[in-house]
Student: 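I am attaching a structure below and will ask some questions about it afterwards.
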There are 2 protein chains.
Amino acid sequence: MTGKLSVERANDARASSRDTQDLISSIFQNRIGYHLRVAQEASFQTFAKATGGADLKPGWYALLTVLAQRDSMTPSELSRICGRDRSTLTSSLKDLADRGLIDRQLNPDDQRSYSVRLTEDGRSMQERLQVIADAHDRLLEEIAGEDKKVFLSVLARLSAVLS
Amino acid sequence: MTGKLSVERANDARASSRDTQDLISSIFQNRIGYHLRVAQEASFQTFAKATGGADLKPGWYALLTVLAQRDSMTPSELSRICGRDRSTLTSSLKDLADRGLIDRQLNPDDQRSYSVRLTEDGRSMQERLQVIADAHDRLLEEIAGEDKKVFLSVLARLSAVLS
DNA sequence: ATAATATGGTTTGATATCAAACTATCTTGC
DNA sequence: GCAAGATAGTTTGATATCAAACCATATTAT
């Protein structure tokens, strides 16, 4: 066993990247779930890197963009629309408020609740992010090329059926 | 402002799901990145739920499946192949060892390293998971239908270009 | 040979997420 | 009206992940 193992190891060292590729594709070649996960991760990392350069957190784009569509919203509405748990928003909204990108005011009609609104800074930040997001999505579109329409329709079906 | 807000709120309460849909689609309608993320999340949750029913963690499937292809591997090899950071594997491998699904033995040729091997239990667990994964992927294939090939090729391109 | 460097694995720290428990307030049913 | 239940937001606890620091061991270069 010892001898066998060490020989194997030596081979791995030389042929690792090729072996690895072979192994992955022999297992996951045809698996939609696997490719979906890898592609999404790659796309997310690319976007996160682009926004991170501007010292922004990736989750902020969705929040600011949704907020930019309306005068004000409650955290719960935001959470539903962005598809994130309410509890997740607490710290994001705090960060956004600390950075002066949003305003929060208590709702006089309901003491439990408050409404969130973009500040001027928040709006211009949203615009900066929008540029990055647009560029990112344009890149994705280029890659998808003429298959974009089909690709999107499959994604939409997956979400609809599995949600 | 108060009055306006409360009216808005009342409308939201009634028309929330419709408004929400409209808002989301008006913003993200055509955004590949968004749909990719949502679809991947839905697919992952569905799979996690299926495996969770068997008291298994979702990440285990990939590890056990890769291990099932070879006599033994090191954590580093596993990490490269599964596309996860080495540090992430420490706890997963500990869990798998605690559950008796893998064996770990020090490599006599390199004191820093050890090799990981499926136990009998590990192999049968892998087979159980494989059934679940197969069913899951069959579901995804059904949803993709005749677009499967195109869909997979776009995913593969995305991963290749963005990685 | 030995000093410098690289490597394998773990630890720690940061982030993002969900879910369940919790507090305070609102609404309902009686 | 008031008690019982629902709802808004936060807190806490669990999980999963990456990245950087870290330690011990190997490898390399001189």
Side-chain angles (χ1 to χ4, degrees), chain A residues 5-6 9-10 12-13 16 37-38 40-42 44-49 51-52 55-63 72-97 102 104-116 163, chain B residues 5-6 9-10 12-13 16 37-38 40-42 44-49 51-52 55-63 72-97 102 104-116 163:
Chain A
L5 188 60
S6 72
R9 197 68 55 74
D12 285 349
S16 163
R37 182 182 168 288
V38 173
Q40 140 65 13
E41 181 64 16
F44 176 78
Q45 287 301 335
T46 302
F47 183 61
K49 207 170 162 184
T51 58
D55 192 27
L56 310 164
K57 302 193 185 168
W60 291 3
Y61 163 66
L63 294 176
S72 72
M73 309 182 71
T74 64
S76 287
E77 288 179 287
L78 264 176
S79 121
R80 274 192 300 274
I81 292 180
C82 296
R84 289 165 59 189
D85 194 273
R86 279 175 305 158
S87 60
T88 310
L89 292 191
T90 301
S91 75
S92 296
L93 293 178
K94 182 178 184 315
D95 285 350
L96 290 170
I102 60 171
R104 296 189 276 188
Q105 11 185 178
L106 283 174
N107 177 354
D109 296 346
D110 186 339
Q111 299 298 119
R112 298 169 302 180
S113 176
Y114 61 85
S115 55
V116 182
S163 61
Chain B
L5 187 60
S6 71
R9 196 69 55 73
D12 285 350
S16 162
R37 181 181 167 289
V38 173
Q40 140 65 15
E41 181 65 15
F44 177 77
Q45 286 303 334
T46 302
F47 183 62
K49 207 169 162 187
T51 59
D55 192 27
L56 309 163
K57 301 190 184 169
W60 291 4
Y61 164 65
L63 294 176
S72 73
M73 309 183 73
T74 65
S76 286
E77 286 178 288
L78 263 177
S79 119
R80 274 193 299 275
I81 291 181
C82 295
R84 290 165 57 188
D85 194 89
R86 281 176 303 160
S87 59
T88 309
L89 293 190
T90 301
S91 76
S92 296
L93 294 177
K94 182 175 185 317
D95 285 351
L96 290 171
I102 60 170
R104 296 190 276 189
Q105 8 186 181
L106 283 174
N107 176 357
D109 296 347
D110 186 339
Q111 299 299 118
R112 296 169 304 181
S113 175
Y114 63 84
S115 55
V116 182
S163 61

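Chain letters run A, B, ... following the sequence lines, proteins first and then strands; every chain starts at 1. Only a predicted model underlies this, so the values are computations on that prediction, with no experimental measurement involved.
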Student: Between A/Glu41 and A/Leu93, name the one whose nearest nucleotide on DNA chain D is closer to the 5' end.
Tutor: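 It is A/Leu93, whose closest nucleotide lies nearer the 5' terminus.
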Student: B/Val116 vs B/Leu96, test: side chain to side chain contact (heavy atoms under 4.5 Å, CB included). Steps then yes/no.
Tutor: CA-CA 10 Å; B/Val116 182; B/Leu96 290 171; over 6 Å; no
Student: List for me each residue that meets ring pair (Phe, Tyr, Trp, His ring centres under 6.0 Å) alongside A/Phe44, sequence neighbours excluded, and say none if there are none.
Tutor: none
Student: Tell me, please, which residues at least two apart from B/Ser87 pass side chain to side chain donor-acceptor pair (under 3.5 Å).
Tutor: B/Asp85
Student: So, OP1 or OP2 of D/dT10: does either fall under 4.0 Å of a side-chain N or O from A/Tyr114?
Tutor: yes
Student: Answer yes or no: is there a side-chain heavy-atom contact under 4.5 Å between A/Asn107 and A/Ser115?
Tutor: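 Not in contact.
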Student: Hey, are the side chains of A/Lys57 and A/Thr51 touching, using non-hydrogen atoms and a 4.5 Å cut-off?
Tutor: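 Side-chain contact under 4.5 Å: no.
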Student: So what does A/Ser76 hit on the nucleic acid, given a heavy-atom distance under 4.0 Å: a base, only sugar-phosphate, or nothing?
Tutor: sugar-phosphate
Student: Reading DNA chain C in the 5' to 3' direction, which nucleotide is the first one with an atom under 4.0 Å from a heavy atom of chain B, and which is the last?
Tutor: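 Boundary nucleotides touching chain B, in 5' to 3' order, are C/dA6 to C/dT11.
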Student: Is there a side-chain contact between A/Ser79 and A/Leu89 in this structure, where contact means two heavy atoms from C-beta onward sitting under 4.5 Å apart?
Tutor: yes
Student: Below 3.5 Å is the cut-off: list the nitrogen or oxygen pairs between protein and nucleotides 20-24 of chain D, distance only.
Tutor:
none

Student: If I take atom CD1 in residue A/Ile102 and atom P in nucleotide D/dG9, what distance separates them, rounded to the nearest angstrom?
Tutor: 12 Å
Student: Between A/Met73 and A/Ile81, is there a side-chain heavy-atom distance shorter than 4.5 Å?
Tutor: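 Heavy-atom side-chain distance check passes, below 4.5 Å.
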Student: Please give, in whole Å, the distance from D/dT7 P to A/Asn107 CG?
Tutor: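 Atom CG in A/Asn107 sits about 17 Å away from atom P in D/dT7.
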Student: Do the non-hydrogen side-chain atoms of B/Leu63 and B/Cys82 ever get within less than 4.5 Å of each other?
Tutor: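 B/Leu63 vs B/Cys82: side chains touch.
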Student: Any heavy-atom pair between the side chains of A/Arg84 and A/Ser92 that's under 4.5 Å?
Tutor: yes
Student: Note the angle between the end axes of the helix from C/dA1-D/dT30 to C/dC30-D/dG1, five pairs defining each, rounded to 10 degrees.
Tutor: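 Comparing the first five pairs with the last five, the axes sit 10° apart.
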Student: Roughly how many Å is it from CD in B/Gln111 to C1' in D/dT27, rounded to a whole number?
Tutor: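 Atom-to-atom, B/Gln111 to D/dT27, this comes out as 15 Å.
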Student: With sequence neighbours left out, what residues match B/Gln45 under side chain to side chain donor-acceptor pair (under 3.5 Å)?
Tutor: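 Partners of B/Gln45 under the side chain to side chain donor-acceptor pair (under 3.5 Å) test: B/Glu41.
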Student: Do the non-hydrogen side-chain atoms of A/Trp60 and A/Asp95 ever get within less than 4.5 Å of each other?
Tutor: yes
